[in-house]
There are 2 protein chains.
Amino acid sequence: MGTKQFSGSAEDADLTRADSLAREIFSDVANKWALLIIEAVGERTLRFSELRDEVEGISHKMLTQNLRMLERNGLVERTVHPTVPPRVEYALTEPGRALRVTIDGLCSWTRQYLGDIESSRRRFDA
Amino acid sequence: MGTKQFSGSAEDADLTRADSLAREIFSDVANKWALLIIEAVGERTLRFSELRDEVEGISHKMLTQNLRMLERNGLVERTVHPTVPPRVEYALTEPGRALRVTIDGLCSWTRQYLGDIESSRRRFDA
DNA sequence: CGGCATCCTCGGAGATACTG
DNA sequence: CAGTATCTCCGAGGATGCCG
């Protein structure tokens with residue numbers, strides 16, 4: 001990205017480092033599955049299998065991959081209960097909850113403009 | 001997605017239709033390049049080549065593809081000036097500007113939690 | 001049950017070149 | 001300058017199977 005999105009005032013020190021990090025995070029987060037997972041977890045605490053049911057159409061593999069990534073970035077917290085069978089639970093962290101607020105905005109936006117978009121599509125496809 | 005994100009109260013009539021449309025739109029929009037392009041356009045009116053410079057790392061092809069998609073959904077408006085050489089300009093529509101507000105939120109979020117995320121990553125990678 | 005590894009494929013995405 | 005088309009290739013992502 002052009003840098004304008006992320007760099008604030010900045011002493012210009014290693015602005016580029018921070019900026020490339022920002023781009024990296026943005027790429028992680030600005031992806032369909034990641035957003036849907038965060039939205040799905042919400043304020044609750046869900047098991048792996050519950051999440052898979054919740055996030056429609058996601059594969060086992062994609063779910064694990066994205067959960068790992070989100071855990072790595074500190075957006076979800078993973079708790080393993082050493083029972084048998086194993087029980088693993090996921091919940092949003094504070095940064096995760098903060099992110100969810102903006103995702104909620106995205107969802108509202110979708111709902112709000114659903115009609116406009118649909119008709120725009122019809123016009124375009126002609 | 002689990003439906004809960006998009007369906008409001010809903011008469012249940014063709015809720016599924018609206019819901020699958022919402023999912024489709026979400027997939028279109030919740031992608032790195034689309035978001036970066038919308039953010040790049042902002043309140044301005046940019047030419048194709050300006051956009052390519054603005055959106056760091058995007059290829060000619062990806063830019064056209066995404067611009068078509070955004071135009072189809074009515075998020076950007078494409079204006080062709082019949083000069084020579086041709087001059088094509090892109091600007092956000094009302095829905096596009098509304099979407100940009102939430103993207104701004106995403107960018108702020110990234111800036112705000114940059115540090116937390118970086119240290120979380122370091123912890124995880126150990 | 002949740003996670004990881006392996007295999008395989010299908011299409012996303014870059015490079016290149018041509019038109020208006 | 002902007003857009004389209006063709007070719008190619010790499011890797012995202014699905015399916016499957018095996019561990020703890």
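Below, chain A is the first sequence line, B the second, and so on; all start at residue 1.
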**Prompt:** If we fit an axis to the first five pairs and another to the last five of the helix from C/dC1-D/dG20 to C/dG20-D/dC1, what angle do they make, to the nearest 10°?
**Reply:**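 Overall, the helix from C/dC1-D/dG20 to C/dG20-D/dC1 bends by 40° from one end axis to the other.
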Restricting to non-hydrogen atoms, name the atom on [X] and the atom on [Y] that form the minimum distance, rounded to 0.1 Å.
{"X": "A/Cys107", "Y": "B/Phe26", "result": "SG-CE1, 4.3 Å"}
{"X": "A/Leu51", "Y": "A/Ala40", "result": "CD2-CB, 4.1 Å"}
{"X": "A/Arg121", "Y": "B/Leu21", "result": "NH1-CD1, 3.8 Å"}
{"X": "A/Ala91", "Y": "A/Val41", "result": "CA-CG1, 3.9 Å"}
{"X": "B/Asn73", "Y": "A/Ser120", "result": "C-OG, 3.5 Å"}
{"X": "A/Gln112", "Y": "A/Asp116", "result": "O-OD1, 4.1 Å"}

**Message:** Quick one about A/Tyr113 and B/Glu94 (side-chain donor to acceptor, distance below 3.5 Å, no hydrogens or angles considered), yes or no?
**Reply:**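 Checked: B/Glu94/A/Tyr113 side chains pair up, N/O donor to acceptor below 3.5 Å.
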**Item:** For chain A, the stretch of DNA chain D it reaches, first to last nucleotide, under 4.0 Å of its heavy atoms
**Value:**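 Reading along DNA chain D, I get D/dG13 to D/dG20.
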**Message:** Within the 4.0 Å heavy-atom criterion, would you say B/Arg47 contacts the bases, only the backbone, or no part of the nucleic acid?
**Reply:**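 Sugar-phosphate, backbone atoms only, no base.
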**Item:** Protein-to-nucleotide contact annotation, 5' to 3' order, nucleotides 3-20 of chain C [B base; S sugar-phosphate only; - none; under 4.0 Å, heavy atom]
**Value:** BB--------BB-----B
**Item:** salt bridge (Lys or Arg N to Asp or Glu O under 4.0 Å) partners of residues 80-92 of chain A, not counting sequence neighbours, each pair once
**Value:**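 Of all non-adjacent pairs touching residues 80-92 of chain A, those that pass salt bridge (Lys or Arg N to Asp or Glu O under 4.0 Å) are A/Arg87-A/Glu89.
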**Request:** Not counting sequence neighbours, which residues clear ring-ring contact (aromatic ring centres under 6.0 Å, His included) with A/His81? List them please.
**Result:**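 Here no residue qualifies.
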Using residues 95-106 of chain A as the side-chain source, report each donor-acceptor pair under 3.5 Å to any protein atom, sequence neighbours left out, with the distance given to one decimal.
{"unit_1": "A/Arg97", "atom_1": "NH1", "unit_2": "A/Leu92", "atom_2": "O", "d": "3.2"}
{"unit_1": "A/Thr102", "atom_1": "OG1", "unit_2": "A/Leu99", "atom_2": "O", "d": "3.1"}

